[in-house]
Structure formats: C-alpha cells, structure tokens
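For reference, the structure is listed below as structure tokens.
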Amino acid sequence: MPRSVPIVLLAALVPATALAHHGWSSYDANTTLTLSGPIETASYQNPHGLITLTQEGKTWQVVLSPPSRMDRRGLPREDLAVGTPVTVVGYPSRAVADEMRAERITIGGRTVELR
C-alpha cells in the first residue's frame with residue numbers, strides 16, 4: 001500500500017469526526033433540563049465554551065456556545081468565573097450521561113440565549 005493512502009484515509013475521517021462533535025442530534029431536544037448551581041470549572045475557548053456544575057450530587061458538563069457568539073450576546077469570559085451562581089436550561093446528551101447542551105444561561109440577574 002502506498003504511503004499516502006493511510007494519510008488520505010485519515011484526512012477523510014477528520015470532517016466526519018468534526019461533524020459528529022458538532023451534531024446537535026446527539027442531544028435529546030424532547031427532554032428539557034434546568035440545572036442551577038455555582039460554576040465549578042469554566043472554559044471559554046473554541047469550538048464551544050464549557051462549564052461544570054453540580055446539582056443533587058451529580059456533576060454536569062454543560063456545553064455552551066462558541067466564544068464569539070457568547071461575546072456578541074453579552075456573555076463575556078469574565079462572567080463565567082468559578083463560584084458564580086448560574087441556571088442553565090438545555091437538553092441532555094443521548095451519549096454522555098452527565099452532559100447537556102445549554103440553550104440559555106441565567107447569570108448575574110440576566111438571561112442570555114445561547115443558540
């Protein structure tokens with residue numbers, strides 16, 4: 001097998017992997033979750049911001065919007081400080097038991113639509 005064949009095959013898989021990561025069909029839009037608690041960890045980087053919070057003894061990873069969208073909608077990096085109380089509304093992952101995709105976040109007395 002020529003040396004370039006494995007590279008071409010790998011390159012063909014990269015878009016499929018990226019699509020799977022960004023595919024919102026992996027979240028159950030028929031089930032709405034509302035979680036509240038202080039931010040335990042926060043990431044404000046591409047492709048999506050992330051926070052973790054614990055509710056009723058279960059720690060959740062909450063997938064937010066890309067940073068550019070959060071900035072445009074009035075949710076800067078500084079607002080996602082560890083310890084800040086938030087409420088997020090969104091959909092649970094079909095594949096990961098402790099993950100949800102947030103549609104909106106209430107923080108500092110205001111609600112920001114993320115989608």
What side-chain donor-acceptor pairs closer than 3.5 Å can you find for residues 72-83, not counting sequence neighbours?
residue: R73; atom: NH1; partner: E113; partner atom: O; Å: 3.1
residue: R73; atom: NH1; partner: R115; partner atom: O; Å: 2.7
residue: D79; atom: OD2; partner: R110; partner atom: NH2; Å: 2.3

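- Within the 3.5 Å criterion, the main-chain N or O of W60 finds no donor-acceptor partner in the side chain of T52.
- Considering CE of M70 and NE2 of H48, their distance stands at 10.0 Å, rounded to 0.5 Å.
- Judged purely by distance below 3.5 Å, without hydrogens or angles, the side chains of T87 and S36 pair a donor atom with an acceptor atom.
- Put simply, CD1 on I105 and OG1 on T111 are 9.5 Å apart, with the number rounded to the nearest 0.5 Å.
- Note on V112 and L64: same hydrophobic cluster, where clusters join Ile, Leu, Val, Met, Phe, Trp and Tyr whose side-chain heavy atoms are under 4.5 Å apart, directly or indirectly.
- P38 approaches L53 most closely through the heavy-atom pair O-CB, 3.6 Å.
- Closest approach of G49 and P67 over heavy atoms only: N-CD, 4.5 Å.
- Residue L33 comes nearest to M100 through the heavy atom pair O-CE, 4.0 Å, listed as atom of the first residue, atom of the second, then distance.
- In this structure, the side chains of T84 and I107 come closer than 4.5 Å at one or more pairs of heavy atoms.
- Side-chain contact check for L50 versus V63: some heavy-atom pair is nearer than 4.5 Å.
- When each of R94, R101, E99 is checked for a side-chain hydrogen bond (donor to acceptor under 3.5 Å, both in side chains) with Y27, only E99 meets the rule.
- For the side-chain contact (heavy atoms from CB on, under 4.5 Å) test with L35, the passing option among V88, T54, I51 is V88; the others fail.
- Side chain to side chain, D28 and T31 meet the donor-acceptor criterion of an N or O pair below 3.5 Å.
- With contacts defined as side-chain heavy-atom distances shorter than 4.5 Å, the pair V86/T106 does not qualify.
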Chi angles and distances behind the side chain to side chain contact (heavy atoms under 4.5 Å, CB included) call for D98, K58:
CA-CA 8 Å; D98 59 352; K58 183 175 182 179; 4.0 Å; yes
